[in-house]
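Let me begin by presenting the structure, written as structure tokens, before commenting on it.
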Amino acid sequence: MRAIVLAAGLGTRFRSEKPKVLHEILGKPMLWYVITNVRNGKIDEIALVVGHKAQEVMEAFKDENLKFFIQKNPKGGTADAVLSAKDFFASYDGYVLIINGDSPLVSGETIRNMQQFIYMVKAYEGVKLGGVVLTAHLPDPTGYGRVLKEPGTDRVLRIVEEKDASAEEKRITEVNAGVYIFYAPWLLEALYSIKPSRATGELYLTDVVEYMSKKGYEVRSFMAREPSEVIGVNTRWELAIAENLIKLKLIKFWTDRGVTVHFPETVWIEPDVSLENDVEIFPGAQLKGKTKVGKGSVIGSGSVIVDSTIGRNVRIGEYTVVERSRVEDGAVLGPFARIRDGAHVRSGAHIGNFVEVKKSVIGEDVRAKHLAYIGDATLGKGVNVGAGVVFANYDGKRKHESFVGERAFLGSNSLIVAPVKIGSFSFIAGGSVVNKDVPDYAFVISRPELRIIPEKGKKFLDK
Ligand code: UD1
Ligand code: CA
């Protein structure tokens, strides 16, 4: 089967400079979900109809192996949009799925079930099957096309748009999801025969249904598994609702695989994230991009993990940010730590509160528990980084690297001026400025003499 995704419309109700279908749900364009769901529905040949801001939309999906078609008049209506892709199906003797680009909740499973349904009807009923329309009953059907059927059957006679519906038709709660499968040759025939709507001047794809049913090409309705699947995103509020539903489904997917998520409504997990079982996620945490988290790791409240690989049994305390970095098994981060830009924290290391680690290797069992900046450095196993230690990696023009050998002790408030090498088992006294290489086992101290002048303090206080 082939599929056509409609994404040429103006998205007027979004009031946006950005094309509606590029607005994001969990870090991915809305249209990405539609295309992904179609692919999960076992359809690989996909045409995308673009029109409004076509270049931007095509650019965003250029690597998705789609065939692009441009609708010249993005106000032409959904049938005009399908017609602009007619080369995709005009000589195709089979069924074509058509789906609105603003329907990100229709699942791949439902798309597979619709195809199965077509197959069954054709195999066992021997009718001239024009197509299938995906529908659902909504408690509030306002805004959707209403599905008019032959009483007591699933034969669809007509779909009437809200704007054209009579008061009685508006009371129908079965709505058109904007997902159809049509037999291509009859679809083309219908598209050439329908007339623009009197209310809007648009050519409605939904009018294909009435044409077909009058011609004796039966159109059947197929009920979505969950009514929420049919939600179309026309406004930013509907975007928020869709995002919430998609997110909860995704979290449900992970809980089914042994992940604990506390207060899931507050947690953000993007679709490319992958989690092992016994991961535990606390309220307000966000897992983004291609983040992976290993078995038994804990993600504390308010932590944000972006494009990072977290090993097993890692403990990430509250309000910790990890970006594009790698954290090995058993490490302990945060609360309030920041690990970024290619940092690599080896197993068992502790990075505590108000410690920033940038593009550095933190050796096994390193302790850097409070208030430090570690940038462009390589720390050997068991190094101790005292409170207030700063790696001065930037001289105003260039970044430089530092190396610290295993078990070295960097006393509180010492300043490590890169480029520099500090030997293993060396001891840097607190407050030292280290701007020369230090051999193994050395003791290093640089500290202005401390003067204590008795009684003189009074003079300052008396002022
Ligand atoms: C459409 C259906 C309605 C259904 C609803 C489900 C029609 C006439 N109506 O209404 O029955 O209940 O979807 O969500 O189809 N588009 C184009 N070119 C155009 C116009 C639209 O490509 O000229 C695209 C849009 O980008 C969008 C999709 O088609 O992705 C649907 O268009 P939209 O205007 O949102 O249709 P609805 O009014 O929601
Ligand atoms: Ca819509």
Side-chain angles (χ1 to χ4, degrees), residues 3-14 16 18-23 29-35 38 47-54 56-58 61 68-85 98-106 133-138 140-148 156 158-165 169-170 172-180 182 190-191 194-211 219 221 224 227-239 241-242:
I4 303 174
V5 180
L6 307 182
L10 293 175
T12 320
R13 290 162 278 186
F14 247 66
S16 176
K18 182 156 94 177
K20 179 176 87 171
V21 291
L22 295 189
H23 278 260
M30 173 191 325
L31 192 52
W32 178 87
Y33 291 87
V34 179
I35 290 162
V38 169
L48 182 66
V49 181
V50 293
H52 176 62
K53 305 219 169 160
E56 250 178 88
V57 181
M58 287 193 288
F61 289 90
F68 294 111
F69 292 90
I70 297 185
Q71 184 186 8
K72 291 203 182 64
N73 172 16
K75 274 190 191 158
T78 43
D80 183 58
V82 175
L83 268 174
S84 41
I98 302 172
I99 181 166
N100 286 350
D102 62 355
S103 295
L105 281 144
V106 177
V133 179
L134 183 70
T135 73
H137 283 282
L138 295 185
D140 177 9
T142 312
Y144 290 88
R146 309 298 206 282
V147 178
L148 280 72
V156 184
R158 192 155 75 86
I159 295 172
V160 58
E161 291 304 302
E162 172 94 23
K163 282 176 191 143
D164 307 302
E169 288 164 342
K170 280 187 183 148
I172 297 171
T173 57
E174 185 169 7
V175 304
N176 167 27
V179 184
Y180 325 79
F182 289 122
L191 288 169
I194 59 178
K195 299 274 173 302
S197 146
R198 254 189 262 142
T200 60
E202 290 181 21
L203 213 51
Y204 290 161
L205 181 56
T206 44
D207 287 347
V208 161
V209 172
E210 186 177 11
Y211 175 87
V219 178
S221 65
S228 63
E229 284 189 71
V230 312
I231 289 175
V233 178
N234 298 312
T235 64
R236 296 200 197 220
W237 180 243
E238 284 163 344
L239 181 74
I241 291 168

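Numbers for residues simply follow the sequence, beginning at 1. Remember, it's 1-based here, ligands and their atoms both numbered in the order they're listed.
Heavy-atom proximity to A81, at under 4.0 Å, picks out these atoms of ligand 1: 17 (C), 18 (N), 22 (O). Heavy-atom proximity to N234, at under 4.0 Å, picks out these atoms of ligand 1: 35 (O), 39 (O).
At a 4.0 Å heavy-atom cut-off, ligand 1 touches E161 through the side chain alone. Residue Q71 touches ligand 1 through its side chain alone, judged by heavy-atom distances below 4.0 Å.
Among all non-hydrogen protein atoms, the one lying nearest atom 23 (O) of ligand 1 is G77 N, 2.7 Å. In terms of protein heavy-atom proximity, atom 22 (O) of ligand 1 is closest to A8 N, 2.9 Å. Nearest protein neighbour of atom 6 (C) of ligand 1, counting heavy atoms only, is N176 O, 3.4 Å. At the shortest separation from atom 16 (N) of ligand 1 among protein heavy atoms lies G9 N, 3.6 Å.
Between V21 and ligand 1, no N or O atom pair is found at a separation short of 3.5 Å. Geometrically, ligand 1 and P74 share a nitrogen or oxygen pair separated by less than 3.5 Å. For a threshold of 3.5 Å applied to N or O pairs, the pair formed by G145 and ligand 1 contains at least one separation below that value.
Side-chain atoms of S103 never come within 3.5 Å of backbone atoms of I99 as a donor-acceptor pair (strictly under, hydrogens ignored). Proximity of a side-chain donor or acceptor of E210 to a complementary backbone N or O of D207 within less than 3.5 Å is not detected.
Contact analysis leaves G51 out of contact with ligand 1, as no non-hydrogen atom separation drops below 4.0 angstrom. Taking 4.0 Å as the cut-off, V49 does not count as a neighbour of ligand 1 on heavy-atom distance. Contact between R13 and ligand 1 is present, with at least one heavy atom of the residue lying under 4.0 Å from the ligand. Residue contacts with ligand 1: D80 is excluded, as none of its non-hydrogen atoms falls under 4.0 Å.
In this structure, E162 pairs ionically with R146, as a charged nitrogen and a carboxylate oxygen lie closer than 4.0 Å. A salt bridge links E169 with R158: the closest approach of a Lys/Arg side-chain nitrogen to an acidic carboxylate oxygen falls below 4.0 angstrom.
D102 contributes OD2 as its N, O or S atom closest to the Ca ion (ligand 2).
Among T200, N100, D102, the residue whose heavy atom lies nearest to atom 35 (O) of ligand 1 is D102.
The distance from the Ca ion (ligand 2) to the nearest N/O/S atom of N234 is under 3.0 Å.
Residues S197 and E202 bring no donor and acceptor atom of their side chains to less than 3.5 Å of each other.
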